[in-house]
Visitor: 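Before I ask anything, here is the structure I am working with.
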Number of protein chains: 4
Amino acid sequence: MPRYTGRVTGTPAHGGRPRSERARVAVLHAVDDLLVEIGYAAMTMKGIAQRAGVGRQTVYRWWSTKAEILFEASVIDAASELAPDPQDTTAEDVTAYLEAVSRFLTGSAAGAAYRALLGEAQHDPAVAGLLATTDLLGDSARPVIERAIGRGDLPAQTDVDQAVAQLVGPLFFRVVSGYRDQALSPRRLAADFLRRPPMP
Amino acid sequence: MPRYTGRVTGTPAHGGRPRSERARVAVLHAVDDLLVEIGYAAMTMKGIAQRAGVGRQTVYRWWSTKAEILFEASVIDAASELAPDPQDTTAEDVTAYLEAVSRFLTGSAAGAAYRALLGEAQHDPAVAGLLATTDLLGDSARPVIERAIGRGDLPAQTDVDQAVAQLVGPLFFRVVSGYRDQALSPRRLAADFLRRPPMP
Amino acid sequence: MPRYTGRVTGTPAHGGRPRSERARVAVLHAVDDLLVEIGYAAMTMKGIAQRAGVGRQTVYRWWSTKAEILFEASVIDAASELAPDPQDTTAEDVTAYLEAVSRFLTGSAAGAAYRALLGEAQHDPAVAGLLATTDLLGDSARPVIERAIGRGDLPAQTDVDQAVAQLVGPLFFRVVSGYRDQALSPRRLAADFLRRPPMP
Amino acid sequence: MPRYTGRVTGTPAHGGRPRSERARVAVLHAVDDLLVEIGYAAMTMKGIAQRAGVGRQTVYRWWSTKAEILFEASVIDAASELAPDPQDTTAEDVTAYLEAVSRFLTGSAAGAAYRALLGEAQHDPAVAGLLATTDLLGDSARPVIERAIGRGDLPAQTDVDQAVAQLVGPLFFRVVSGYRDQALSPRRLAADFLRRPPMP
DNA sequence: GGCTAATCGAGACGGTACGTCACGTCTTACT
DNA sequence: AGTAAGACGTGACGTACCGTCTCGATTAGCC
């Protein structure tokens, strides 16, 4: 799991000590760990810095809020969890995707981070803007829809955005609105989704 | 708008000054106002007390967190916003309901409160528990589903919980995941929902 | 120890429930107990009322401050502790009195109450005024001085107030300024006092 | 009046912003001012911080209680007020000292601070311990006694601690027990003290 | 024996200080 | 110049007690 390896800032323009890669990675790992150990609400900038063995100022220099750190630490990497291998039939393809979504939202650490940020975004416009830069679920669902269209299992004129919402929405609703435990069956949702194509 | 009129606690068993209805209503109104004016995140227990012209201890005596106050202030009353008059045909009935949901989630003050609480619930189990006591969207969608079954427009063996998720989920997903502006069409969602009845 | 038996207020002018003697005594005992158990600083009006099994308003109705209650509870009765039986010789008389003072200031519960109030009086004029109504040590020392004058062991023109201060002051200073443990010898103080009679 | 110039803490071992001398001095001056303006009882940690233009946490970081601040602010410096220049004769020396004591206890701001702390010490062991670190009156009286012994005006075997109490006690008693106004004459007290030496 | 009125215990009321915590900024010495 | 450390001013946290108020219940003297 080779994470946090890409440099974010280039070589500094002129002079000065370069940004410490060690510090950057330590902060991202600290956020990951703390999310699991104490949860998003209990995380503090101070705690993150201490856990990372890093000065407080260093954290503020590169990130504004814990949401930003968490976003960089978890959410981007999370895209891979939402990209299962394409399957031979559309039914299997869609089912596999919905299973991935379900696993992501209920079981994965990255999913927990995503839900935490999503929650914060409901009342913090800054976080909302942050999340808006990456339509995590939408971007992962779109290829599935497009493969189905390509195979002729959905009409060519399908409104992709609406189809995405119809595909992901039911699962998303159940998890986010609090009924995490009584998950819906991805197989049955996939079948219903495909039974009759969305209207153009 | 005759809100906050019901007494919450009965007459005390014996002795003691009774709870001040004035204070209770003042707090609930203060929370309503502050949610609109400064938003959920900026609301503090201290600010609520001051705005209500009430002692801080008095707030803590009856509510533990701002989430609890907001819940009592907004969410219960919100149910009415989600109960449009039944329509003659199932298509119109479902469409009217989805329009109400859309209005509630994007335009209403009570809906803003609900989304704020929903957000908090993603990382605060106490708030999650609070919301679990009232399945706001589910409870409002169920009668719509049941009316459709009664009319024979959905199969009698329909899994109601799944149908609720399929009905509400797409809209919910779009709003909560941040695409509040590019709303989906309730009419088209209703049509698709009915063309593609959930499998039993 | 027949304490707290006198009525403080007379019969009311007309009608009304009379003051409860039970409540009055309960409060005074509660203050006595609490002073020993938790100390003056930790005593609160609320705690006194609860300990006495009495309403808070009832306490406030009859006393303004905890100092007032403590004064009524302990200090007045304390006078008896400072009035040892007169002795045959002046030396023995003065020694016996200083022993009583020493015991009162360092060992007695009433003495602890007195010191607590004396302390409060250093920065609370109300308490200072309260204590000024009864010159506890002065009133008890004056008879001793006067007996000594009567026996001819002090000059007839002795300034009694100054003599009182010279008699009591050394012990008082040691105790109040914090050297409670290394008490002075009443016998030696008495001897010095009499060898060095105050100048008129 | 070059007060509050000594550093209390040394240079930190490594790193970290050093303690702000500005904040330290501001707090000590604020306590001095507030003692005079509103009195000890009305002083609060919050008020001190505000008056000093300093964060509340900063006050707590360096002092635990207002007593501790007041002690550092006033009492140590007070020693100078209790050290009048030695006089040629013992009678004048003792008289000058008692006059200084009288002035300190009744007229000086540092004396007011000392009495306030002394009062608090009667019911707060922590303050008692604080005051025990500096025997303000004892330490100032001892040189006077020793000079008198040196001049042969007191016997060589004099019990110095007892002599201190006998010297300072009468004045102390009058002031602390509430009769601040009707002060005793330092001259007469000095004369009586020296008329016949204390017994060894 | 009913009326009047002040008391009683209880406990909620609006305030305010407590001591703690995290915020985001700053000022050091060190690398 | 960037870093770890940690003090800085700010302000919310939840608790405790303040002194006041509002209850229903009680307890006397008076008609």
Side-chain angles (χ1 to χ4, degrees), chain A residues 12 14-20 22-23 42-47 49-50 52-62 64-66, chain B residues 9 11-20 22-24 26 42-47 49-50 52-62 64-66, chain C residues 11-20 22-23 42-47 49-50 52-62 64-66, chain D residues 9 11-20 22-24 42-50 52-62 64-66:
Chain A
H14 160 67
R17 179 175 178 175
R19 173 172 181 184
S20 159
R22 205 209 110 259
M43 268 177 43
T44 66
M45 292 297 258
K46 186 182 201 178
Q50 265 168 2
V54 143
R56 210 121 66 88
Q57 189 66 239
T58 301
V59 179
Y60 281 108
R61 212 184 324 266
W62 304 109
S64 300
T65 61
K66 61 177 177 175
Chain B
T9 52
T11 309
H14 164 67
R17 180 178 180 172
R19 177 172 180 186
S20 160
R22 205 209 110 261
R24 180 178 155 261
M43 268 177 42
T44 64
M45 291 296 257
K46 187 182 198 177
Q50 266 169 1
V54 143
R56 208 126 66 86
Q57 187 71 70
T58 299
V59 180
Y60 282 109
R61 205 179 338 256
W62 303 110
S64 299
T65 61
K66 60 177 176 173
Chain C
T11 309
H14 162 65
R17 180 177 179 173
R19 174 173 183 183
S20 159
R22 205 209 111 259
M43 267 175 46
T44 66
M45 291 297 257
K46 187 183 200 175
Q50 264 168 3
V54 143
R56 208 121 69 88
Q57 189 66 239
T58 300
V59 179
Y60 281 109
R61 206 179 336 258
W62 304 111
S64 300
T65 62
K66 61 175 177 176
Chain D
T9 52
T11 309
H14 164 67
R17 179 178 181 173
R19 175 172 183 183
S20 160
R22 204 209 110 259
R24 179 177 156 262
M43 268 175 46
T44 66
M45 291 297 258
K46 186 181 200 179
I48 293 167
Q50 265 169 1
V54 143
R56 208 125 66 88
Q57 188 71 71
T58 299
V59 179
Y60 282 109
R61 207 182 332 261
W62 303 110
S64 301
T65 61
K66 60 177 177 174

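So that the names make sense, note that chain A is the first sequence line, chain B the second, and so on, each numbered from 1.
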Visitor: Does E:dC13 have OP1 or OP2 under 4.0 Å away from a side-chain N or O of B:Trp62?
Guide: yes
Visitor: Could a donor-acceptor pair under 3.5 angstrom be found where the side chain of C:Arg17 meets the base of F:dT26?
Guide: yes
Visitor: For nucleotides 12-19 of chain F, just jot down a letter per nucleotide in 5' to 3' order: B, S or -, based on protein non-hydrogen atoms under 4.0 Å.
Guide: BBBBBBSB
Visitor: Looking at A:Arg61, I'd like to know whether one of its side-chain N or O atoms comes within less than 4.0 Å of OP1 or OP2 on E:dC26.
Guide: no
Visitor: Whether C:Thr58 contacts E:dC8 is assessed here as follows: a side-chain N or O lying under 4.0 Å from the phosphate OP1 or OP2. Is that the case?
Guide: yes
Visitor: Can you check whether B:Arg22 has a side-chain N or O nearer than 4.0 Å to OP1 or OP2 of E:dG14?
Guide: yes
Visitor: Do the numbers put D:Arg19 on top of the ring of D:Trp62, so that NZ or CZ is under 6.0 Å from the six-membered ring centre and no more than 45° off the axis?
Guide: yes
Visitor: Does the pair D:Lys46 and D:Arg56 meet the rule for a side chain to side chain contact (heavy atoms under 4.5 Å, CB included), with working shown?
Guide: CA-CA 6 Å; D:Lys46 186 181 200 179; D:Arg56 208 125 66 88; 4.1 Å; yes
Visitor: Does B:Val54 or C:Ala23 map to a spot on DNA chain E nearer the 5' end, using the closest nucleotide for each?
Guide: C:Ala23
Visitor: Between A:Lys66 and A:Met43, which heavy-atom pair has the shortest distance, and what is it?
Guide: NZ-O, 3.1 Å
Visitor: Taking all heavy atoms of C:Val59 and all of C:Met45, pick out the closest pair and write down the distance.
Guide: CG1-CE, 3.9 Å
